[in-house]
Amino acid sequence: MPDPILYGPQFSTYVRSARLALEEKGIAYRLDEIDIFGDPKAKVAHLARHPFGKIPAFEHGDFALYETSAIMRYVDEAFPGPRLQPSDAQERARMNQVFGIIDCYAYPSWTTGIIIPRFRAARTGVAADESAIEEVVPRARRCVNILDKFLNGREYFAGEGVSLADLHLAPMCFYFAQLPEGKRLFGHAANLTRWWTEMSARPSLVKTTPALTRK
Ligand SMILES: N[C@@H](CCC(=O)N[C@@H](CS)C(=O)NCC(=O)O)C(=O)O
């Protein structure tokens, strides 16, 4: 079987989540940084891999997959290496719950509501819509507080070691913790701050640090 291929630019949080699973398992893979944001032809061609036009997409031989959580679970289950999902049913349920929180509540508030407008403003020089950002802050705060509570008295979100939940959340924290809103909210979340400090030092995170940083 050939090495798996992950499609998507390195700066994408979802692409990085899938990469982190591959890195933590110690799997050789190829990252194909298709430019769906800058190249209209690449965007159209990508629809053959992902009918919703999102990133990442994944291939392992003739097996093709999209949706980050499915890719991460497949990577954990199909390859040797450290297990990234707890065997205990309740711990695994907690991991799955954190996935739901990330995808349904944290991504829309942190990433769509704050990270993307702030980074776009830094790149283009056009001011962000501050009132739109302020409006989303309470939802972003709720996510921070809930995730912080989950880490009360424990090192990782689920199980004894790092799990897919930690690896899915970390890429978003990389961007959010650089921004004024993220700094402010993380300032009231000691568990999440401690967790993020430890996660950001892991070799898999260091190796996949996005080239895109805020000017
Ligand atoms: N449900 C998808 C969401 C992936 C997603 O939203 N990816 C973003 C980048 S981080 C994307 O493709 N954005 C491009 C767009 O929305 O056009 C998954 O879990 O993989």
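In each ligand, atom 1 is the first atom listed, and ligand 1 is the first ligand listed. FYI, side chains are in, hydrogens and waters are out, and symmetry mates aren't considered; it's all heavy atoms of this structure.
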For ligand 1, list every N/O pair with the protein closer than 3.5 Å, one pair per line with the distance.
residue, atom, partner, partner atom, Å
ligand 1, 1 (N), Glu67, OE1, 2.7
ligand 1, 1 (N), Glu67, OE2, 3.3
ligand 1, 7 (N), Ile55, O, 2.9
ligand 1, 12 (O), Ile55, N, 2.9
ligand 1, 16 (O), Lys54, NZ, 2.6
ligand 1, 19 (O), Glu67, OE1, 3.4
ligand 1, 19 (O), Thr68, N, 3.3
ligand 1, 19 (O), Thr68, OG1, 3.4
ligand 1, 20 (O), Thr68, N, 3.0
ligand 1, 20 (O), Thr68, OG1, 2.7

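Both tests hold for Arg94 against Phe150: distance to the six-membered ring centre under 6.0 Å, angle to the ring axis within 45°.
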inquiry  = Go through it in stages, so that I can follow the logic: the residues are Arg19 and Tyr29, the test is side-chain hydrogen bond (donor to acceptor under 3.5 Å, both in side chains), and I'd like the CA-CA distance, side-chain angles, deciding distance and then a yes or no.
reply    = CA-CA 9 Å; Arg19 272 183 92 189; Tyr29 65 97; 3.0 Å; yes
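Residues in residues 140-155 take part in these salt bridge (charged side-chain N to carboxylate O under 4.0 Å, His left out) pairs, two or more places apart or across chains: Glu91-Arg154.
Not a single donor-acceptor pair under 3.5 Å links the side chain of Thr112 to the backbone N or O of Ser109.
Atom CD of Glu77 has more than 12 neighbouring heavy atoms from other residues, nucleotides or ligands inside a 6.0 Å radius.
Within the 4.5 Å cutoff, no side-chain heavy atoms of Tyr105 are placed close to those of Leu147.
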